[in-house]
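Report on the following structure.
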Amino acid sequence: QVQLVESGGGLLQAGGSLRLSCAASGRTFSIYAMGWFRQAPGKDREAVAAISWNPTNTYYADSVKGRFTISRGYAKDTLYLQMNSLKPEDTAVYYCAADRTFGTVLSAPAYWGQGTQVTVSS
């Protein structure tokens, strides 16, 4: 099993920046890709960004391209999401996810964190 724990959420004004972190533990050798999802009230959960370990593939939702950056720690057991130029529509619970392949981490990841709230006020 793999455990994922997010941190770094909070309340901030539009235009601000925030960095989310996700710490992975357990059978992390089985993880090849990790990603961030978000779910706003009344909306479906959506993939925001994803990254594979080696070679490095990345994915960004169109709504966050140019504003968000996904990265991983050197030890590959930590995932980050740098969020800049935040907008009120970025308000959501952000979840960390992990799986064996880049494709499945975007479609149906096996492992999920508990989520961290990000609220952007106008």
Side-chain angles (χ1 to χ4, degrees):
Q1 290 294 324
V2 174
Q3 294 78 42
L4 303 174
V5 179
E6 304 97 334
S7 61
L11 170 65
L12 71 165
Q13 292 187 331
S17 297
L18 202 61
R19 188 176 82 156
L20 304 182
S21 299
C22 174
S25 60
R27 299 172 65 87
T28 57
F29 60 83
S30 65
I31 297 174
Y32 178 72
M34 296 183 73
W36 290 98
F37 287 70
R38 68 184 180 186
Q39 187 167 22
K43 296 188 177 181
D44 293 334
R45 189 175 297 187
E46 63 173 347
V48 174
I51 188 168
S52 64
W53 285 165
N54 188 26
T56 301
N57 296 315
T58 57
Y59 162 85
Y60 292 96
D62 288 343
S63 58
V64 306
K65 282 181 181 177
R67 299 189 298 123
F68 290 12
T69 302
I70 191 170
S71 63
R72 63 191 192 277
Y74 178 77
K76 300 181 181 179
D77 58 357
T78 306
L79 184 71
Y80 303 102
L81 185 67
Q82 178 66 42
M83 305 186 293
N84 299 327
S85 302
L86 282 160
K87 305 175 181 179
E89 50 264 43
D90 294 317
T91 295
V93 177
Y94 284 72
Y95 297 90
C96 176
D99 208 304
R100 296 178 181 272
T101 73
F102 187 70
T104 53
V105 83
L106 287 171
S107 59
Y111 305 107
W112 291 93
Q114 82 289 349
T116 185
Q117 177 70 45
V118 173
T119 303
V120 185
S121 62
S122 58

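Values in this document were obtained by computation on a predicted structure and should not be read as measured data. These numbers come from the heavy atoms of this one structure, side chains and all, not from hydrogens, waters or symmetry mates.
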Q) Do W36 and I70 come within less than 4.5 Å of each other through their side chains, counting heavy atoms only? A)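 A side-chain contact exists here, since the closest heavy-atom pair is under 4.5 Å.
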(Q) I want to check something: taking the side chain as every heavy atom from C-beta on, are T116 and V93 in contact at a cut-off of under 4.5 Å? (A)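 T116 vs V93: side chains apart.
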Hydrophobic clustering (ILVMFWY, side-chain heavy atoms < 4.5 Å, transitive) - are [Y] and [X] grouped together?
X    : Y   : result
Y60  : V48 : yes
Y111 : L79 : yes
L12  : L20 : yes

Q. Checking salt bridge (Lys or Arg N to Asp or Glu O under 4.0 Å) for the pair R38/D90: CA distance, chi angles, key distance, verdict?
A. CA-CA 9 Å; R38 68 184 180 186; D90 294 317; 2.9 Å; yes
Q. How are the rings of Y95 and W112 set relative to one another: parallel (under 30°), tilted (30 to 60°) or perpendicular (over 60°)?
A.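 Answer is perpendicular, since the angle exceeds 60°.
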At their closest point, which heavy atom of [X] faces which heavy atom of [Y], and how far apart are they?
X    : Y    : result
Y80  : G73  : CE1-N, 3.9 Å
G9   : V118 : CA-CG2, 4.1 Å
F102 : A33  : CA-CB, 3.7 Å
S52  : R72  : O-NH1, 4.0 Å
K43  : Q39  : O-NE2, 3.1 Å
A98  : M34  : CB-CG, 3.9 Å

[atom1]/[X] to [atom2]/[Y] distance, rounded to the nearest 0.5 angstrom?
X    : Y    : atom1 : atom2 : answer
L106 : D99  : CG    : CG    : 10.0 Å
L86  : S17  : CG    : OG    : 6.5 Å
R67  : N84  : CZ    : CG    : 9.0 Å
L18  : Q82  : CG    : CD    : 8.0 Å
L4   : C96  : CG    : SG    : 4.5 Å
Q13  : S121 : CD    : OG    : 5.0 Å

Q) Is the shortest distance from a Lys or Arg side-chain nitrogen in K65 or D62 to a carboxylate oxygen in the other one below 4.0 Å? A)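 Here K65 pairs with D62 in a salt bridge, since their nearest N and O are under 4.0 Å apart.
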Q) Any side-chain donor-acceptor pair under 3.5 Å between Q117 and T119? A)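 Side chains of Q117 and T119: pair found under 3.5 Å.
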Q. If you measure only the distance, is there a donor-acceptor pair under 3.5 Å linking the side chains of T101 and T104?
A.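 The answer is yes; a qualifying pair exists.
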Side chain [X], main chain [Y], donor-acceptor under 3.5 Å:
X   : Y    : answer
W53 : I31  : yes
Y94 : L81  : no
E6  : C22  : no
T91 : V120 : yes
T28 : A24  : no

